[in-house]
Asks: 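Questions regarding the structure given below will be posed in turn.
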Amino acid sequence: MIIVGHRGVAGRYPENTRASIEAAIELGLNWVEVDVQPTKDGHLVICHDHRIDRCSNGKGRIDSMNLEELQGYDFGAWFDDKFTGEPILTLGDLLELSNTHDLKLNLELKIDRHDPQSVCQLLKHQLEAHNITPDQIVLSSFNHELIRQLHRRLPNFRLGVLCERLNKKTKALLKEVGAYSCNIHYRWANRKLIERLHAEGFQVWSYTVNNPSALTHLTDLDAIFSDYPERFLPW
Ligand code: G3P
Ligand code: MG
């Protein structure tokens, strides 16, 4: 089973920042998951919420701000004073970390007001500019239209279809785009479901598992996302 650092090592570091990613590398993880969003001026940055209020000293929507404005805020001090000065992480910087440290990435794409096509185009440019190969990443999203666009525009890259629980629409999408994995909330994962998805050729990745005792009946999962990956090592 692969242990994926969720937003880096979000339990002990400010989520989705360079500090959090470097902590995952230090821990010896091969994979991290992060959330990717477009800025107003067409840059891709790493942040979970559509607003920066919770995880920075600023306020406002990511897609209403230019990158330069976002770079003026502190994304570390909200978590702990010792992370003061942590800037917003750009996708470009993260891809360089992946190249340098041989770190594999699950990029979860999030959009609010941007259209899926333009975000796929931005992502494609970044992946090409940093010479990212398909074995380095899995692209995922809860947004079905975005998944379809990723399938169309980045056909060589692996796709994870995100869902809370599996329903007919999600299952149809897995097949439609030839997804690599179904990324499902662990509460809705069970042995039978995992077995069925495996039989159909899909991996099953589950979020966000922070308590190892939740896994006792889920040993057949291919990967789990955890804010506390150290609790699961060595797996
Ligand atoms: O990609 C797994 C997980 O991160 C999905 O939910 O809201 O934590 O980004 P969320
Ligand atoms: Mg996520």
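First listed ligand is number 1; within each ligand, the first listed atom is number 1. All residue numbers refer to positions in the sequence shown, counting from 1. Just so you know, these numbers come straight off a predicted model, no measurement behind them.
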Asks: Among Glu164, Glu108, His185, which residue places a heavy atom closest to atom 9 (O) of ligand 1?
Replies: Glu108
Asks: Which residue and atom name correspond to the protein heavy atom nearest atom 7 (O) of ligand 1, and how close is it?
Replies: His48 NE2, 2.7 Å
Asks: Got the closest protein heavy atom to atom 3 (C) of ligand 1, with its distance?
Replies: His6 NE2, 3.4 Å
Asks: Which angle, to 10 degrees, forms at the Mg ion (ligand 2) with OD1 of Asp35 on one side and OE1 of Glu108 on the other?
Replies: 90°
Asks: I would like to know whether Tyr180 and Phe202 meet ring pair (Phe, Tyr, Trp, His ring centres under 6.0 Å); could you show each step before the answer?
Replies: CA-CA 6 Å; Tyr180 177 71; Phe202 306 113; 9.8 Å; no
Asks: Return the closest protein heavy atom for atom 8 (O) of ligand 1 as residue, atom name and distance.
Replies: Arg7 NH2, 2.8 Å
Asks: Would you call the rings of His6 and Phe225 parallel, tilted or perpendicular if under 30° counts as parallel and over 60° as perpendicular?
Replies: perpendicular
Asks: Below 4.0 Å from any atom of ligand 1, is there a heavy atom belonging to Trp205?
Replies: no
Asks: For the Mg ion (ligand 2), find the closest N/O/S atom belonging to Glu33 and write down its atom name.
Replies: OE2
Asks: Are side-chain heavy atoms of Trp205 and Val4 found at a separation under 4.5 Å?
Replies: yes
Asks: Under 4.0 Å, heavy-atom basis, I'd like to know which part of Asp35 is in contact with ligand 1: side chain, backbone, both or neither.
Replies: side chain
Asks: Which residue in the set Arg51, Arg113, Lys40 passes side-chain hydrogen bond (donor to acceptor under 3.5 Å, both in side chains) when paired with Ser64?
Replies: Arg113
Asks: Looking only at N/O atoms, are Glu33 and ligand 1 under 3.5 Å apart anywhere?
Replies: yes
Asks: Which bit of Leu162 gets closer than 4.0 Å to ligand 1, counting heavy atoms only: side chain, backbone, both or neither?
Replies: side chain
Asks: Going by heavy atoms in the side chains, are Asp74 and Thr84 under 4.5 Å from each other?
Replies: yes
Asks: Which heavy atom of Ile62 sits nearest to which heavy atom of Val45, and what is that distance?
Replies: CG2-CG2, 3.9 Å
Asks: With a sphere of 6.0 Å drawn around CZ of Arg54, does it hold more than 12 non-hydrogen atoms of other residues, nucleotides or ligands?
Replies: yes
